[in-house]
Visitor: 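The structure under discussion is supplied below as structure tokens; questions concerning it will follow.
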Amino acid sequence: MVTKSRHSDLDLPSVDIFTFLFKRTNRKFPDSHPIFRDGLTDKTYTFGDVQQFAEDFGKGLRSQYDWQKGDVLAISSLSDIDMPPIIFGTLWAGGTVSTANPGYTVREISHQLQDSGAKCVVTHYSNIETVKEACGTVGIADDHIIILGDKKDSTGRFKHWTSVCDLGKATRFAAQKLDPKNDAAFLVYSSGTTGKPKGVKLSHYNITSNVLQLQVAERFNLTWDGSQTTRDIPLPEPRTGGDKILACLPFFHIYGLNVLALSPLYSGVTTIVLSRFDVDTWCQLVQKHKITYSYVVPPIVLYLAKHPTVSSYDLSSLRMTQSGAAPLTRELIEQVYKRLGIRIKQGYGLSETSPCLYQGAWDSWDVDIGTCGALLPNLMVKICEPFDNSSGDAAAAIPRELGLGETGELHVKGPNVFEGYHGNPKATAECLSSDGWFRTGDVGYINERGNLFITDRVKELIKYKGFQVPPAELEGYLVDFPGVVDCAVIGIYNKELATEVPRAYVVTENPLKPLDIQELQRWFSSRVANHKKLRGGIRLVEQIPKNSSGKILRKDLKAMALAESEA
Ligand code: ATP
Ligand code: MG
């Protein structure tokens, strides 16, 4: 059954990102309005600053590097207020931006530079050794490495981004003409939860569409000066003029890139940038700047629910918080509300969808709590029988559609669905059909209110004989056992049974008081159907491997299981 978004369709313009943000005629806030402020130094860029620096940087790229349409600029950096002018300058010059996690090793950065075909790389001086070595392996010369941030290179080997701007200022280049629907603005890399990160090509139109889709989901509740708040939303008003966002998610991931580096230039909301999350600095900044909105991921929600220092700060200005990127339970959201009075709603999306597909609404926050919210405008969705299509002719296979309330794989179609994986037509064909339907690889169901629940990933479903076993469901049971604080379930191959079987990795509350594994097995088996029993056993571990967004890295557990079987 195909379902349309309950929002009316938006009239989405086909326009490049630079024009969309900087040349729009209906902007309400002035050039002098502060948009990005560094959380630690208070250095600030107004809207006008970002535009001016971006144009100068774009001209500098064209004059210094003979920048051509489609050339790729890679940025390996934590979030930094210098990033937006560099990003929008590259787009102005017709380029594509590929953001990279600065925590990557030389090997990982080299892979991304090679895969994306980057021409220049931007990084902090503190990260120069790693980036230089990676550039060396793919033939990028030192003078194509550009430094951002306050610390400059005294040897003169690497240009600072502001000197690229200075060189560009005097030139007379004009912005490149772009085809918004076909030219790639970003080549972002997925998190690599299920394998190597994939290069996801997002067009200008993909991104501008998602910025507008998100504005509707917020019901224009975010306000740059306090005057535009939609009054019928049951949220406290911002107390001091406009909203203020605290940006603590990385700009190198599409979630942070969209909601924290792009959207503020559209909404005009001043955004305080914290390059690396730590709980005390986050609380201090909320208190100091009277932050009203923050975008978070589940590990941060866990801090808000449980960390002792949180209650010593005044966080009462925070009227809205949005979590995404990984599963979050209703219980945890309720704990945070009870403890701090902070409302958290959720969104859901993927790198491949620019990223947001579903978003919670404030007016039904208490009813929909714990769901991923409703489908954004201009999107269609269907739930289909899940099957792993990584081998065989998947694009040709037509999966059976399921009904409301039934659990299956989520397929979506709409303006924010990506163009394909860079240089990987096989992977693209496996998930993107010729008529634009994208298989998300996520398993879930939609309730009668149209809200989405994500329950698992297709690739993570365990196949026990003919049955599908969803690991997240088993994890949900396991954490109910007294003494279990965290857990993860994976499938391991059992030769004698000639099938995959579920195995649990469990973290105990008190490592000095080991769990009675046999008792846990008995308890667990009495709660699940026969095919879901933990036939692969239970292993005690100190912690469950997760990435910084809280995604369980099951591939690491699989490697552990393999090492154990080979030992
Ligand atoms: P890779 O594709 O490289 O294996 P990844 O899918 O984790 O990694 P991202 O694009 O960063 O890379 O993350 C998208 C995924 O995050 C979704 O497919 C989904 O599994 C998960 N996700 C996002 N939001 C939510 C949410 N609200 N609840 C549950 N899962 C979520
Ligand atoms: Mg993915």
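Both ligands and their constituent atoms are indexed starting at 1 by order of listing.
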Visitor: Which protein residues come within less than 4.0 angstrom of ligand 1, counting heavy atoms only?
Guide: Ser190, Ser191, Gly192, Thr193, Thr194, Lys198, His253, Ala325, Ala326, Pro327, Gln346, Gly347, Tyr348, Gly349, Leu350, Ser351, Cys372, Asp442, Ile454, Arg457, Lys551
Visitor: Scan side-chain atoms only and decide if Gln346 and Gln359 contain a donor-acceptor pair under the 3.5 Å cut-off.
Guide: no
Visitor: Just to verify, what does Ser77 make a side chain to side chain contact (heavy atoms under 4.5 Å, CB included) with, not counting sequence neighbours?
Guide: Ile75, Asp80, Met83, His124, Leu148
Visitor: Any side-chain to backbone donor/acceptor pair from Thr292 onto Leu318? Under 3.5 Å, distance only.
Guide: no
Visitor: Would the Tyr189 and Phe252 ring centres measure less than 6.0 Å apart?
Guide: no
Visitor: Suppose we screen for side-chain hydrogen bond (donor to acceptor under 3.5 Å, both in side chains). Which residues come up paired with Asp278, at least two apart in sequence or across chains?
Guide: Thr281
Visitor: Taking only residues two or more places apart in sequence, or in another chain, which ones meet Asp183 in a side chain to side chain contact (heavy atoms under 4.5 Å, CB included)?
Guide: Lys69, Leu178, Asp179, His204
